[in-house]
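Heads up, the thing below is written out as structure tokens.
What you see below is based on every heavy atom in this structure, not just the backbone, and it leaves out hydrogens, waters and symmetry mates. Just so it is clear, the structure is predicted and the values come from calculations on it, not from any experiment. Throughout, numbering of the chain's residues begins at 1 and tracks the sequence.
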Amino acid sequence: MKTSLLAHLFPFFKGSQEDVATASLNYIISSFSDISRAFTKQLGDVLGIEINETLQYHCQVVGENYERPDMAGTDTKGNEVVLCESKFYAALTANQPNEYLRRLIKNNGIGLVFICPEVRQKGLWCEVVEMAGKEFELKKVDDNCVETKDGVRMGITTWKAVLDYLEQVAITNAPAVVSDIKQLQGYCAQLDSEAFIPFAEEELGIDVAIKFERHYRLLDELVNALKVELGDDVSLKGLRATPIWSGYRRYLSYNSHGVTLEYDTKKWKNPESKVTPYWLRIDRSIDGRWAFDECCEKVMKKIAPELKDGTYIALIPKSYVALNEIVEDMKKQVLEYFRIFKETEEQDM
């Protein structure tokens, strides 16, 4: 498929994927009143609320706590009614979504809408709901919308849904903007295909190399911690650290089980599971070989779907803490899965 001009030019832009898409979307909806109204209607549909006001949209409006949603929709009096956050594959920031929700509550706003690729919708929605749930009491409106007890709603939609709808409206009411919408559709499609994302200068610094090394060091420290905790029940004999195309693996033998601990960028990108680079697999040692048998499958049935990727279980690292704290917490996660495994085996006996 031929790439759109916007998609072709992206490697030459200095802004992020989100900045380019947001600026393009803002330009499109600001060009024609019919398109702006259609976009507002769409946000209202996502939030399950009819928005009758005519809104003006602005990019990167910084708040009191330096939060900066990608777009803010304001009424004729300048009051913020809705906030929009554009996402592709960047992680959530410290302000997302809670600082945005606080801002809307303070300003008597209606809601916050995340716009993301289809492949990321399920995983991102789980993340933002989990984060919001730590601070706000949430009520489910539908599968893609929740409401705080203050009446502010949060929802999620996709770039495809937004742009397909705007294109339909534009064909009839604003044909001059159809080509611009198609440019943005092509850009989003290119990013959805996991095209190569150009390097920014700051990504090539020594600090980035040190950050990548953390993944390998963490797994090594985790294996050492398990060896200390479990003593002679753990053996590393003949089990070498192994680089793989998408990361790094460590192995250990625990009683009659084979254990794989890995850093895997492929699983990290899986939109159906928890966003984490670290994974665990437990096999049973049968006739001197590791095998994922029926007992292993029974264990996996006890694990929440978002914590699984095939035969692997997600290990969730703590944020903003020292290495020893991350290792200690991940060790506890591994030991808990060992306990579940042992309990399942005993039930089968």
Side-chain angles (χ1 to χ4, degrees), residues 123 126 211-270 272-349:
C126 288
K211 287 177 181 178
F212 276 115
E213 288 175 351
R214 292 178 302 178
H215 299 296
Y216 301 88
R217 184 180 175 189
L218 175 55
L219 280 194
D220 290 343
E221 293 287 346
L222 179 56
V223 168
N224 292 338
L226 289 168
K227 178 69 173 132
V228 171
E229 178 77 22
L230 301 172
D232 293 339
D233 289 335
V234 168
S235 172
L236 304 179
K237 186 176 180 181
L239 302 174
R240 297 180 178 179
T242 305
I244 57 176
W245 185 87
S246 54
Y248 179 63
R249 282 183 184 153
R250 290 297 310 268
Y251 305 96
L252 58 91
S253 176
Y254 171 56
N255 288 334
S256 58
H257 303 101
V259 179
T260 303
L261 296 162
E262 72 175 28
Y263 155 61
D264 189 336
T265 58
K266 186 176 180 180
K267 294 183 180 65
W268 195 355
K269 293 183 291 185
N270 182 358
E272 299 296 322
S273 60
K274 193 75 174 178
V275 179
T276 177
Y278 306 111
W279 298 85
L280 164 73
R281 171 173 162 146
I282 303 175
D283 292 273
R284 294 221 295 169
S285 183
I286 301 174
D287 297 327
R289 300 185 64 181
W290 292 4
F292 195 85
D293 63 3
E294 290 183 5
C295 182
C296 301
E297 292 175 355
K298 288 181 179 179
V299 172
M300 294 301 288
K301 289 179 181 178
K302 298 180 179 181
I303 310 301
E306 67 272 14
L307 293 175
K308 294 186 290 190
D309 187 320
T311 57
Y312 283 81
I313 303 169
L315 297 175
I316 314 300
K318 279 189 168 183
S319 302
Y320 307 110
V321 297
L323 175 62
N324 64 319
E325 293 181 68
I326 301 174
V327 170
E328 181 63 23
D329 185 71
M330 286 179 65
K331 181 186 74 174
K332 291 178 181 177
Q333 294 177 50
V334 173
L335 293 176
E336 174 61 15
Y337 290 123
F338 284 172
R339 185 196 66 77
I340 295 172
F341 206 103
K342 182 178 179 182
E343 183 181 85
T344 304
E345 285 182 316
E346 291 173 348
Q347 291 172 353
D348 280 356
M349 291 177 64

Problem set entry | Contacts of Y263 that satisfy ring pair (Phe, Tyr, Trp, His ring centres under 6.0 Å) - sequence neighbours left out | H215, Y216

Problem set entry | Nearest-0.5 Å distance, CG of residue L252 to CG of residue L230 | 8.5 Å

For this session: Check the pair M330, L261 against side-chain contact (heavy atoms from CB on, under 4.5 Å), reporting the backbone distance first and the verdict last.
Result: CA-CA 11 Å; M330 286 179 65; L261 296 162; over 6 Å; no

Exercise. Who pairs with E306 by side-chain contact (heavy atoms from CB on, under 4.5 Å), at least two apart in sequence or on another chain?
Worked result: A304

Exercise. How about T344 and C295: do any of their side-chain heavy atoms sit closer than 4.5 Å?
Worked result: yes

Problem set entry | Pairs involving residues 327-341, ordered by first then second residue, that meet side-chain hydrogen bond (donor to acceptor under 3.5 Å, both in side chains) (sequence neighbours left out) | E229-K331, E328-K331, D329-Q333, E336-R339, R339-E343

For this session: To the nearest 0.5 Å, tell me how far L335 CG sits from F341 CZ.
Result: 14.5 Å

Exercise. Roughly how far, to the nearest 0.5 Å, is the CD1 atom of I313 from the CD1 atom of I340?
Worked result: 7.5 Å

Problem set entry | Test: K267 and D309 ion pair at under 4.0 Å | no

Problem set entry | Spacing of I326 atom CD1 and R217 atom CZ [to the nearest 0.5 Å] | 10.0 Å

Problem set entry | Distance (rounded to the nearest 0.5 Å) between T276 OG1 and N270 CG | 12.0 Å

Seminar exercise, completed: The reported gap from CG in L280 to OG1 in T311 (rounded to nearest 0.5 angstrom) is 10.0 Å

Problem set entry | Set of residues satisfying side-chain contact (heavy atoms from CB on, under 4.5 Å) with respect to K308, sequence neighbours excluded | M300, I303

Problem set entry | Heavy-atom pair of closest approach, residues F292 and E297 | CE2-CG, 3.7 Å

Exercise. Under the side-chain contact (heavy atoms from CB on, under 4.5 Å) test, which residues partner R240, sequence neighbours left out?
Worked result: none

Exercise. Which side-chain hydrogen bond (donor to acceptor under 3.5 Å, both in side chains) pairs, counting each pair once, include a residue from residues 250-261, with sequence neighbours left out?
Worked result: D220-R250, H257-E345

Exercise. Is the backbone N or O of S246 less than 3.5 Å from a side-chain atom of T265, with the two atoms forming a donor-acceptor pair by type?
Worked result: yes

